[in-house]
Number of protein chains: 2
Amino acid sequence: MVAGVSRQAPSGFRFITRSAAQTRILDAALKLIAEHGAAGTSLQMIADAIGVTKAAVYHQFKTKEQIVVALTERELGGLEEALEAAEAHDDFPRAREELLRRVIDLAIERRGAASTLQFDPVVVRLLAGQEQFQRFIQRLYGVLIDDTSEDARVSAAMLSGAIAVGVMHPLVAGVDDDTLRSQLLRFTHRLIGAPEESGAGDGG
Amino acid sequence: MVAGVSRQAPSGFRFITRSAAQTRILDAALKLIAEHGAAGTSLQMIADAIGVTKAAVYHQFKTKEQIVVALTERELGGLEEALEAAEAHDDFPRAREELLRRVIDLAIERRGAASTLQFDPVVVRLLAGQEQFQRFIQRLYGVLIDDTSEDARVSAAMLSGAIAVGVMHPLVAGVDDDTLRSQLLRFTHRLIGAPEESGAGDGG
DNA sequence: GTCTATATAACGATAGAC
DNA sequence: GTCTATCGTTATATAGAC
């Protein structure tokens with residue numbers, strides 16, 4: 001699945017630039033969605049959080065849906081780069097290793113921002129209707145799953161949950177980034193059956 | 001933490017009986033919350049799903065919050081039994097092993113019902129204010145985490161995510177229960193560093 | 001880019017009849 | 001146990017001034 005894959009055109013998440021006003025909205029929206037869910041986050045709440053009126057928010061994004069889409073684009077942008085780098089490898093284990101390492105780095109960097117979106121049913125529903133995201137997810141699976149066996153699919157599902165929850169669970173709130181990263185890598189390798197490394201000294 | 005633990009009083013999830021009308025409401029609510037989130041599920045949607053009016057729903061549950069609480073009580077009820085059985089063991093690895101096996105069984109049985117609730121921020125917020133649930137979660141941690149090391153906490157967080165997502169992820173939608181159970185047990189043992197079993201023949 | 005003001009709909013919740 | 005009808009509030013979204 002990875003060997004001989006043609007370098008696909010970027011989905012285009014990376015090069016979207018946002019104004020300062022838009023960035024403030026997205027920051028506030030992410031925080032509120034994490035606390036109340038996408039359905040439970042109103043435009044009024046977002047407006048209040050950044051100290052403007054609803055109309056000002058609507059001037060930046062035509063609908064609430066567009067805010068969610070823009071938010072997901074932003075949080076998935078870093079993964080696009082990692083995905084392309086992983087696809088460049090021509091053997092499966094190295095591609096997966098590379099991708100997982102970067103996924104973990106990003107997950108820790110943003111401490112559950114993507115996880116929040118990943119588990120929100122409103123976000124999931126919305127993105128299910130967007131071809132751009134579905135293609136992206138399919139590419140991710142292509143690197144993470146080496147065959148079509150149920151074994152590999154269950155493993156990938158568990159891995160995605162382990163990483164996503166591993167960075168956002170209340171139990172790890174007090175764990176510093178470096179410790180969390182080395183633990184996540186260790187358990188991830190254990191889960192996929194790869195040899196565990198002794199040193200954790202990989203810069204980010 | 002487990003050795004010498006005194007058999008605590010049940011939180012009382014198990015013995016709540018519900019009328020047929022209440023059960024219909026909870027069934028509909030669970031399905032809708034999985035699709036739209038708790039905040040995105042209105043009383044009108046629940047009423048429409050079972051073919052009654054909003055007022056009929058309010059006759060069974062005084063508020064929307066009570067529906068969510070009742071739903072969580074119902075889905076966590078099976079775990080209470082498993083937790084007590086696990087606490088009866090006086091050595092840690094066996095207690096954890098026993099609990100994890102039952103958690104996986106229940107997760108598969110209901111295919112992500114509890115996972116849905118676990119990841120919904122509205123549900124999390126609501127239960128955070130209920131002492132009954134907080135005590136229950138603390139008891140769960142007591143069996144799953146053997147010490148207070150960050151290592152153990154990260155491991156427990158990842159494990160919880162791996163199981164929860166492992167049963168509800170789209171990738172495993174077509175995997176039959178027995179296959180899913182043996183895979184979940186295998187990867188769970190791998191994650192906690194326990195020896196993997198060869199046979200999966202354990203009745204339910 | 002932000003404001004006030006408003007239109008229209010849906011929300012949670014209650015009262016009272018059957 | 002279910003209904004109709006309603007209250008007060010909030011939701012998404014828009015128009016038009018500054």
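If you're wondering where the values come from, they're calculated on a predicted model, not measured in any experiment. Heavy atoms only: backbone and side chains are in, while hydrogens, waters and symmetry mates are out. A, B, ... follow the sequence lines: proteins, then strands. Residue 1 opens every chain.
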Is the closest side-chain heavy-atom distance between A:Arg125 and B:His36 below 4.5 Å? yes
What is the distance, rounded to the nearest whole Å, between atom CD of A:Gln60 and atom P of D:dT14? 15 Å
Whole angstroms only, please: what is the NE2-C1' distance between A:His59 and D:dA15? 14 Å
Compare the minimum distances between each of D:dA13, D:dT2, C:dC3 and the side chain of A:Tyr58, then state the nucleotide with the smallest one. D:dA13
OP1 or OP2 of D:dG1 versus the side-chain N and O atoms of B:Arg24: is any pair under 4.0 Å? no
Picking from C:dT2, C:dA13, D:dT12, the nucleotide nearest the side-chain atoms of B:Thr63 would be C:dA13
Measuring to OP1 and OP2 of C:dA10, would you say a side-chain N or O of B:Ser42 lies under 4.0 angstrom away? no
Looking at A:Thr53, I'd like to know whether one of its side-chain N or O atoms comes within less than 4.0 Å of OP1 or OP2 on C:dT4. no
Report the distance from atom NE2 of A:His36 to atom C1' of D:dA11, rounded to the nearest whole Å. 15 Å
Rounding to an integer number of Å, can you tell me how far B:Glu65 CD sits from C:dC11 P? 17 Å
Among C:dG12, D:dG1, D:dT2, which nucleotide sits nearest the side chain of B:Leu43? C:dG12
Do the side-chain N or O atoms of B:Gln44 get closer than 4.0 angstrom to the phosphate oxygens (OP1, OP2) of C:dA10? no
Nucleotide D:dT2, atom C1' - distance to CD1 of B:Ile50 in whole Å: 11 Å
A:Leu76 CG to A:Leu140 CG distance, which is reported to the nearest 0.5 Å: 7.5 Å
Per B:Ala55 side chain, nearest of listed nucleotides D:dT2, D:dA13, C:dA15: C:dA15
Spacing of CD1 belonging to A:Ile163 relative to CZ belonging to A:Phe187, to within rounding of 0.5 Å: 12.5 Å
What is the distance, to the nearest angstrom, from the CG atom on A:Leu126 to the P atom on D:dT12? 14 Å
Quick one: A:Met45 CE to D:dA13 P, roughly how many Å, whole number? 16 Å
With the side chain counted from C-beta on, respond yes when A:Arg111 and A:Asp177 share a heavy-atom pair under 4.5 Å apart, and no when they do not. yes
Which residue lies more 5' along DNA chain C, comparing A:Lys54 with B:Thr41 via nearest heavy atoms: A:Lys54
Decide whether A:Gln183 and A:Arg186 meet the rule of one side-chain donor and one side-chain acceptor closer than 3.5 Å. yes
Between P of C:dG12 and CZ of B:Phe61, the distance in whole Å: 15 Å
